[in-house]
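I have placed the structure first, in the form of structure tokens, so that the comments after it can refer back to it.
Position 1 is the first residue of the sequence; numbering continues from there.
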Amino acid sequence: MAHILVIDDEPEILAFIKTALEREGHLVQTVTATCEVSPEMARLADLILLDVMMPGEDGFSYCKRIRDTIDIPILFVTARTAEDDLVHGLGLGADDYIQKPFSVAELRARVCMYSMRMEAVAFSLGAMWLALPIQHCKTFCPMRN
């Protein structure tokens with residue numbers, strides 16, 4: 001189970017994402033603006049899903065601001081479909097760019113992919129290295145079944 005922070009100004013999108021990912025066993029926290037995200041909230045997340053076009057601070061600015069302080073996957077979820085926007089977002093440090101509208105299957109698959117990568121991160125215990133598995137993504141990660 002991953003702890004996912006979703007930042008989007010559209011309540012319908014937040015509800016859609018929350019329902020889809022909680023059904024997969026993830027813990028999902030939603031906020032409607034970047035100003036609602038405390039540094040602690042961002043640090044506790046395993047992954048951030050971030051809209052680009054929001055009132056106040058937009059997703060591009062938020063990603064740029066936090067990227068140096070947290071090293072977790074940031075996935076833009078946005079209606080901005082121009083290639084320049086995608087390239088700009090990735091250049092700011094985002095790990096992926098999901099274009100709206102998207103399907104539940106695509107969302108779950110991308111979250112699963114990043115969750116599997118997080119599993120592969122080794123934790124140092126002195127001179128030993130230990131990879132800690134996380135059990136989730138049963139539906140969209142066939143190699144887990």
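Side-chain atoms of I72 and Y114, non-hydrogen and from C-beta on, never get closer than 4.5 Å to each other. No side-chain heavy atom of T32 sits under 4.5 Å from any side-chain heavy atom of E10. Inter-residue side-chain proximity for P73 and D96 is flagged as unmet; no heavy-atom pair is nearer than 4.5 Å. Looking only at side-chain heavy atoms (C-beta outward), F76 and I48 stay at 4.5 Å or farther from each other.
In terms of hydrophobic clustering, with Ile, Leu, Val, Met, Phe, Trp and Tyr side chains grouped at heavy-atom distances under 4.5 Å, V28 and L75 are assigned to a common cluster. Placement of L49 and M41 in two distinct hydrophobic clusters is found when ILVMFWY residues are connected by side-chain heavy-atom separations under 4.5 Å, directly or transitively. Under the 4.5 Å side-chain heavy-atom criterion for grouping Ile, Leu, Val, Met, Phe, Trp and Tyr, V37 is connected to V52 within one hydrophobic cluster. Hydrophobic cluster membership differs between L92 and I98, with clusters built from Ile, Leu, Val, Met, Phe, Trp and Tyr side chains linked at under 4.5 angstrom. One hydrophobic cluster, built from ILVMFWY side chains closer than 4.5 Å, holds both L50 and L5.
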Pair V6, I4 - check side-chain contact (heavy atoms from CB on, under 4.5 Å), show working. CA-CA 6 Å; V6 186; I4 301 168; 4.0 Å; yes
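Interatomic distance, R110 CZ to L47 CG, rounded to the nearest 0.5 Å: 12.0 Å. To the nearest 0.5 Å, atoms OG (S115) and CD (E24) are separated by 9.5 Å. In this structure, CG in D85 is found 11.0 Å from CG in L90, a value given to the nearest 0.5 Å.
Of all non-hydrogen atoms in C63 and I74, the two that sit nearest each other are SG-CD1, 4.1 Å. Closest approach of M1 and D46 over heavy atoms only: O-OD2, 4.3 Å. Summarising the geometry of T34 relative to E57, their closest heavy-atom pair is OG1-OE1, 2.8 Å, with the distance given to 0.1 Å. Heavy-atom minimum distance, A20 versus L107: CB-CD2, 4.3 Å. Between S61 and D58, the closest heavy-atom pair is N-OD1, 2.7 Å. Closest heavy-atom contact between R43 and I70: CG-CG2, 4.3 Å.
Proximity of a side-chain donor or acceptor of H26 to a complementary backbone N or O of L21 within less than 3.5 Å is not detected. Judged by distance alone, with hydrogens and angles left aside, the side-chain atoms of R67 form a donor-acceptor pair with the main-chain N or O of G93 at under 3.5 Å. Between the Y97 side chain and the R80 main chain, a donor and an acceptor come within less than 3.5 Å of each other. Side-chain atoms of T19 do not come within 3.5 Å of backbone N or O of F16 as any donor-acceptor pair.
Here D8 pairs with K100 in a salt bridge; the nearest charged N to carboxylate O distance falls below 4.0 Å.
Atom CZ of R65 sits in a crowded spot, with more than 12 heavy atoms from other residues, nucleotides or ligands closer than 6.0 Å.
No hydrogens or angles considered: nothing links the side chains of T81 and Q99 as a donor-acceptor pair under 3.5 Å.
Every residue was checked against the side-chain hydrogen bond (donor to acceptor under 3.5 Å, both in side chains) condition with K64, not counting sequence neighbours, and none meets it.
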